[in-house]
Each structure stands twice: as structure tokens, then as C-alpha cells.
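The structure appears right after this line, and notes come after that.
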Number of protein chains: 2
Amino acid sequence: MKNPIADLNKIFDSRIRLGVMSILVVNNEIGFNDLKQMLELTDGNLASHLNTLEQADFIKVHKGFIGRKTSTTYSITALGKQAFKSHLDALEKMIRKL
Amino acid sequence: MKNPIADLNKIFDSRIRLGVMSILVVNNEIGFNDLKQMLELTDGNLASHLNTLEQADFIKVHKGFIGRKTSTTYSITALGKQAFKSHLDALEKMIRKL
DNA sequence: CTATTTAACTTTGAAAAACAAAGCACTTTT
DNA sequence: AAAAGTGCTTTGTTTTTCAAAGTTAAATAG
């Protein structure tokens, strides 16, 4: 039998990063605070997971302004969309036997 | 919006434990070495993850003999089956938006 | 105009988890 | 008798997770 977990992406082992991605798939742009509230996280925790996703080029940050106040939003990249889809495919393959 | 990751089971954040469970769902009894080879793990690593699953009452250990040689096998419990299913449901709910 | 609050982090540090390697008791194979 | 396999446990390192506090800059309240 083939190793069933080999195709899972390590980055998505984390429930939080999984949650961020699943939110970003349906919201093409979302703010830091919205994510924080949806996932019920502290600033630092969310920021570090977002950082991991950004390092991997799975999400992109947009720093803009609302008036003169900064506003940071995040969106998924093409690579991120693909990697997330691959991960879900691997998951599905793993459990299709059910 | 509701927290999309709240219903995920922390025990299944681990790819390895996820793999063990997915194997046990289709094999009602499997040996330590088989698992080790399927998942490509070291003894210690596998043993500790199995231990976590056992503590949670998600798997059961059977210590027996083949002739006079010890043989340890593992199987999924009813609770484990249920918890795994719930986790998969939560995952599916999370990504159904796709 | 001063004080507090909010946004979005970064830094720090502690706790937990993952993991490999080695050791071990016992047995079978060579 | 020596080597190898089974199924662990122990040890110790590395990695990951996370909360808390600090930070900068702007907004708002008093």
C-alpha cells in the first residue's frame, strides 16, 4: 500500500492555516481583524500563521488606506489556491475508502 | 460568520494520526510494523502517536502471539470511528464553499 | 490638546509537540 | 553463537505553537 499521508501539505497540518485558507477561498479579500475574530485568535498567533502562509506564497498582503488609516487585507494567490486544492484532493483520496 | 475551525478535532491536526485513522477505518486490524512501513515512520514516532490515539480511546491495542512470537495489532474503536467521522464532516463543511 | 482606543504587527519567552536515535527484552533466523 | 526482527520506552534535540507585552501610527473621546 502507498503512504496515504505523503501528499498532504505540511503547511496545512495547522487548523488555523487551514481555516485561513478556507476563508480566503470564498472571500477574495479579507482584513486582519476579520480573520482574527472569525478564528478567535490573538494578534500574535494570527500574524505568525499569516506570515507562514505568506512565506510560502500562498497568500498576498495588501497594505492600503481607508482615508488615512492603514488597512491590511489578505488574499489567496494562484499558487495558494492550487496547493490548497492539492491538499484537499490528497485528503479526499485518503478517506475515499470510507 | 462562524468560526470554521471550531469543530475540528485537535487530535487529528496531526497528519500521522490522520493517516493511522484512515488506515484503521478500512483495515479492521493492523500491525505495528505494517503501519510503520505504510506511513514511513520511525518506531518511536509511530509509538507515540499510537499512544495519543489510545489515550483518547480512539484505537485499541491487541497483544497476541503468532506461534510464540509476540504480535501487536491495532483497531479502531466505536468512539474513534465517530470522532473521525465528525472531524471529516467538519472539514467538509469548512470547504464545501469551494 | 491630552488620554484612550484601535489596527496591525513584532518581539520575547514559555510550553507543547514532533521526531530521531539509542536502548531494551524477547524471540526467531542463520 | 551471532545477527536480526518486534514493539516498544527513554532521552534529548528541534520545531511549532501560542500568549502576552511592546510598538507605531492613526482615530476618537473628553
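Everything quoted here is computed from the prediction, not taken from an experiment. A, B, ... follow the sequence lines: proteins, then strands. Residue 1 opens every chain.
Residues Phe58(B) and Phe84(B) place their aromatic rings such that the two centres sit no closer than 6.0 Å.
With rounding to whole Å, Ile11(B) atom CD1 is found 11 Å from dA18(C) atom P. Atom CG in Leu46(A) sits roughly 10 Å away from atom P in dA8(C) (whole-Å rounding). Between Asn51(A) atom CG and dC9(C) atom C1' there is a gap of 10 Å when expressed in whole angstrom units. Per the geometry, CG belonging to Asp13(A) stands 16 Å off P belonging to dT15(D), to the nearest Å. The interatomic distance linking Leu50(B) (CG) with dC19(C) (P) rounds to 13 Å, in whole Å. Note: NE2 (His62(A)) to C1' (dC9(C)) measures 17 Å, nearest angstrom.
When heavy atoms are screened at a 4.0 angstrom cut-off, Ile16(B) is found touching the sugar-phosphate backbone but no base atom. Across all strands shown, Asn33(B) has heavy atoms under 4.0 Å from sugar-phosphate atoms exclusively, and none from any base. At the heavy-atom level, Ser71(B) lies under 4.0 Å from the strands shown only through sugar-phosphate atoms. Among the protein residues, Thr72(B) comes within range of the sugar-phosphate backbone only, with heavy atoms under 4.0 Å from sugar or phosphate atoms but none that close to a base. Nucleic acid contact class of Arg17(A) (heavy atoms, under 4.0 Å, all strands): sugar-phosphate only.
Picking from dC8(D), dC18(D), dC9(C) the nucleotide with the shortest atom distance to the side chain of Lys63(B) gives dC8(D). Residue Phe32(B) has its side chain nearest to dG7(D) when only dA20(C), dG7(D), dT17(D) are considered. Taking the side chain of Ala47(A) as heavy atoms from C-beta on, and the options dA18(C), dT10(C), dA8(C), the nearest nucleotide is dT10(C).
Taking a cutoff of 4.0 Å between a charged side-chain nitrogen and a carboxylate oxygen, Lys93(A) and Asp89(A) do not qualify as a salt bridge.
In this model, the phosphate group of dT16(D) is not approached by any side-chain N or O of His49(A) to a distance below 4.0 Å at OP1 or OP2.
A residue-by-residue look at Asn45(B) and Lys10(B) shows that Asn45(B) has its nearest nucleotide of DNA chain D further toward the 5' end.
Rounded to the nearest 0.5 angstrom, Asn9(A) CG and Ser86(A) OG are separated by 8.5 Å.
With hydrogens and angles disregarded, no donor-acceptor distance shorter than 3.5 Å links the side chain of Thr73(A) to the backbone of Glu29(A).
A donor-acceptor pair shorter than 3.5 Å cannot be found between the side chains of His62(A) and Thr72(A).
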